[in-house]
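Beneath this line is the structure, given in C-alpha cells, with notes to follow.
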Amino acid sequence: MFKILRTIISRYYRIFELSNSMNFSIQHTSGKARAGILTTDHGDILTPIFMPVGTLGAVKGVTFDVLRNDIHAQIILGNTYHLYLRPGAGILQQAGGLHGFNGWDRPILTDSGGYQVYSLSKIRKITEDGVVFQSHIDGSRHQFTPENVMDMQRVIGADIMMAFDECTPYPADRKYAQKSMQLTHQWLERCYNHFHKTKPLYGHNQGLFPIVQGSVYEDLREQSAKFISQFDSPGYAIGGLSVGEPTETMYKITEQVCDILPQNKPRYLMGVGTPANIIRGISHGIDMFDCVMPTRNGRNAMLFTRHGILNMRNKKWENDFSPIDECSPLEIDKTTTKSYLRHLFVAGEMLGPILASIHNLAFYLRLVAEARQAVMEGNYEIWAAEAEKQTMTRL
RNA sequence: GGGGAGAUUCCAGAGUGGCUAAAUGGGGCAGACUGUAAAUCUGUUGGGCAACCUUCGGAGGUUCGAAUCCUUCUCUCCCCA
C-alpha cells in the first residue's frame, strides 16, 4: 500500500519537477552587478557563483563531502569529451548519469568539448559536420557533431548543457575569427534543434546554454551576442576569452557582450579566472564562472587568499608557523601552518596539493559569496576595488 | 702483509691535453599555469654588472696550454692472506 502511494507521489513529483524548468530571478543589483538565484532540479544556485571544475567527474584531489560541506560548492563542472572517452556513454547511462555515477546530488554543468577543439588542436580536425578527434588516450578517432554532443550530455544528465562551439584560439585574424564564429552559430542551431527533439533520461530537467564567440573583434562579438540571444535559453555563455588576450581586452569584451545579452538570464563567463578577473566580471554583469586555476595552481603550490597570492614552495615560508589563512573559517586553514604546507610540497606529499586545492576552492566560493553580499547591500564597486587590489598582491 | 681500483662543481656521476666553469640525473632556488592530454612545465644553480677572477683530493712538475700527462703525499673502496 505504502509502496504504491510512494510510487504515485514520486511520479507526480517527477511531473511537477519536469514542468518546473530552470528559472533565474534577480534579487538585487549594484551598478551592473547582479545577485540572483538560478533554480534547477538539483537545487538552487545563488549567483554570482564560481563552479569548481571536475573534468572527469571528479574535482581533482577533493572529496564530494568536502566540496559540499567545507567548500560549499553549489554546482560543479564535467566535460563531455573526457567523459565520453572514459568511462563512456554505456557506463554513465547504466549508472543513471553522472549524478548516479559519482554521487554528487547538486547541479552539474558539462562543457561540450568545445574547449578541447581548441586545446587539443594538434590532434583534431574540423570537418563540415563537426570535429574528428584523435583520442589523447589511445589515438583512436572519434567524431563529435552538435547532435551527438547533445546526446552525450543527455546521457551525462548535466543540469546545464553547453552548446558545441569552437573556442577560437588567440590570436586569430579577423577572417578566421569570423569563420569560427559562424561555425559556432551553425552548430548552435543544430544543437538547439536536437536538444528540443530529445528528452532528459533521468527525470530531471536540463537546460542548454548557447555560447558567444568572435574573438577580440567588437563587431563580431556584437553580432554573435545578438545571434545567440535569439535562442530562448535559460542562460547564455561567453566563450573564447582568457585564451591569451590582454586582460583589459577580456574586460572590454565581457562588458560589451553583457550589455547585449538578455538581462533576465544568467551569464556565464567560461574559463575565468583569477580572483581579480572574477571580481571585474561580476561588475560587468557576469553571474557564473568556472576555472581550473584554484585546483591546478593549488596542486602547483599556489595559494589564493584575501590578502594575496602565496607560492608555498618558496623558502620564506620554511619557518613561518602561522596558519595558511587566519581569516578563513575553514578548519584546515586555521590548523595548517605555512611551514608545514611548504614541507608537504617540498617533500612531494599528496596532502599538499589536496590541502591547497581545498583552500583555494573554499576561498573562491567565499569570494563570490562576499561579492553577492556586497551586491545585496548595493555597494559592489566599493567592495570590488578593495578586494581586487588585496587578492592579487604577491606575498 | 700482498694485489687492484679510485678521489670531479650541494649529491650521484660523465669527461682523459685546447671547442670545459666542466655532460646528464638528483637536490636547491625561482617562475609559469584561466570552459584540465597538467600532482605538470620552464628557467637557474662557483664569484663578479662586466672585462675578468678562482675551481676537478694536497703539493710539485711537463707543456704555448692540464680536471685530463709525470712525481709524490693524503684518503677511500674492492679482492687475496
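Basis for what follows: all heavy atoms, side chains included, without hydrogens, waters or symmetry-related copies. Residue numbers begin at 1 in each chain, while the letters A, B, ... track the order of the sequences.
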### Task
Check the pair A/Phe304 / A/Tyr364 against ring-ring contact (aromatic ring centres under 6.0 Å, His included), numbers first and verdict last.
CA-CA 8 Å; A/Phe304 295 95; A/Tyr364 266 60; 5.7 Å; yes
### Message
Could you tell me how far apart A/Asn300 (CG) and B/A38 (P) are, to the nearest whole angstrom?
### Response
12 Å
### Task
Return the 5'-most residue of the pair A/Arg296, A/Thr274 with respect to RNA chain B, ranking by each residue's nearest nucleotide.
A/Thr274
#### Entry: Nearest-angstrom distance, P atom, B/A7 to B/G17
16 Å
### Query
Which one, B/C33, B/U34, B/A37, comes nearest to the side chain of A/Met302?
B/C33
### Query
Which whole-number value in Å describes the distance from A/Ile137 CD1 to B/A38 P?
9 Å
### Message
Work out how far the C1' atom of B/G65 is from that of B/U72, and round it to whole angstrom.
### Response
23 Å
### Message
In whole Å, measure the gap between the C1' atoms of B/G48 and B/U54 for me.
### Response
11 Å
### Message
By nearest heavy atom, map A/Gly114 and A/Met350 onto RNA chain B; which one lands nearer the 5' end?
### Response
A/Gly114
#### Entry: Strand partner of B/A12, provided both Watson-Crick or wobble distances fall under 3.5 Å
B/U24
#### Entry: Test item: side-chain donor near acceptor, A/His194 and A/Asp151, under 3.5 Å
yes
## Note on the structure
Whole-Å distance, A/Phe345 CZ to B/C41 P, equals 16 Å
### Message
Could you tell me how far B/C77 sits from B/C56 if I compare only their P atoms? Round to whole Å.
### Response
23 Å
### Closest listed nucleotide, where the reference is the side chain of A/Met270 and the choices are B/U34, B/G35, B/A37
B/G35
### Task
Indicate, yes or no, whether a donor-acceptor pair under 3.5 Å links the base of B/G35 to the side chain of A/Asp165.
yes
### Query
Which part of the nucleic acid does A/Ile211 contact within heavy-atom distance under 4.0 Å: base, sugar-phosphate only, or nothing?
base
### Query
Which pair of non-hydrogen atoms, one from A/Ala225 and one from A/Leu261, has the smallest distance, and what is that distance?
O-CD2, 4.0 Å
### Nearest to side-chain heavy atoms of A/Arg299, which nucleotide of B/A39, B/G28, B/A30
B/A39
### Message
I'd like the C1' distance from B/C49 over to B/U68, given in whole Å.
### Response
33 Å
### Message
Over all strands shown, is A/Arg342 touching base, sugar-phosphate only, or nothing at heavy-atom distances under 4.0 angstrom?
### Response
sugar-phosphate
### Summary
Here the distance between atom C1' of B/U36 and atom OH of A/Tyr364, to the nearest Å, is 14 Å
### Query
How far, in whole Å, is B/G13 from B/U45 if one measures between their P atoms?
23 Å
### Message
Please give the distance between the C1' atoms of B/G6 and B/C73 as a whole number of Å.
### Response
16 Å
### Query
Does any donor-acceptor pair link the side chain of A/Arg313 with the base of B/U40 at a separation under 3.5 Å?
yes
### Query
Considering only the C1' atoms, how many Å lie between B/A21 and B/G47, rounded to the nearest integer?
11 Å
### Query
Does A/Ser119 get its side chain close enough to the base of B/U36, under 3.5 Å, for a donor-acceptor pair?
no
### Message
What is the distance, to the nearest angstrom, from the NZ atom on A/Lys315 to the C1' atom on B/G27?
### Response
12 Å
### Query
Rounded to whole angstroms, how far apart are CE on A/Met312 and C1' on B/C29?
16 Å
## Note on the structure
Whole-Å distance, A/Ile253 CD1 to B/G35 P, equals 19 Å
#### Entry: Gap between atoms CG and C1', on A/Asn314 and B/G31 respectively (whole Å)
9 Å
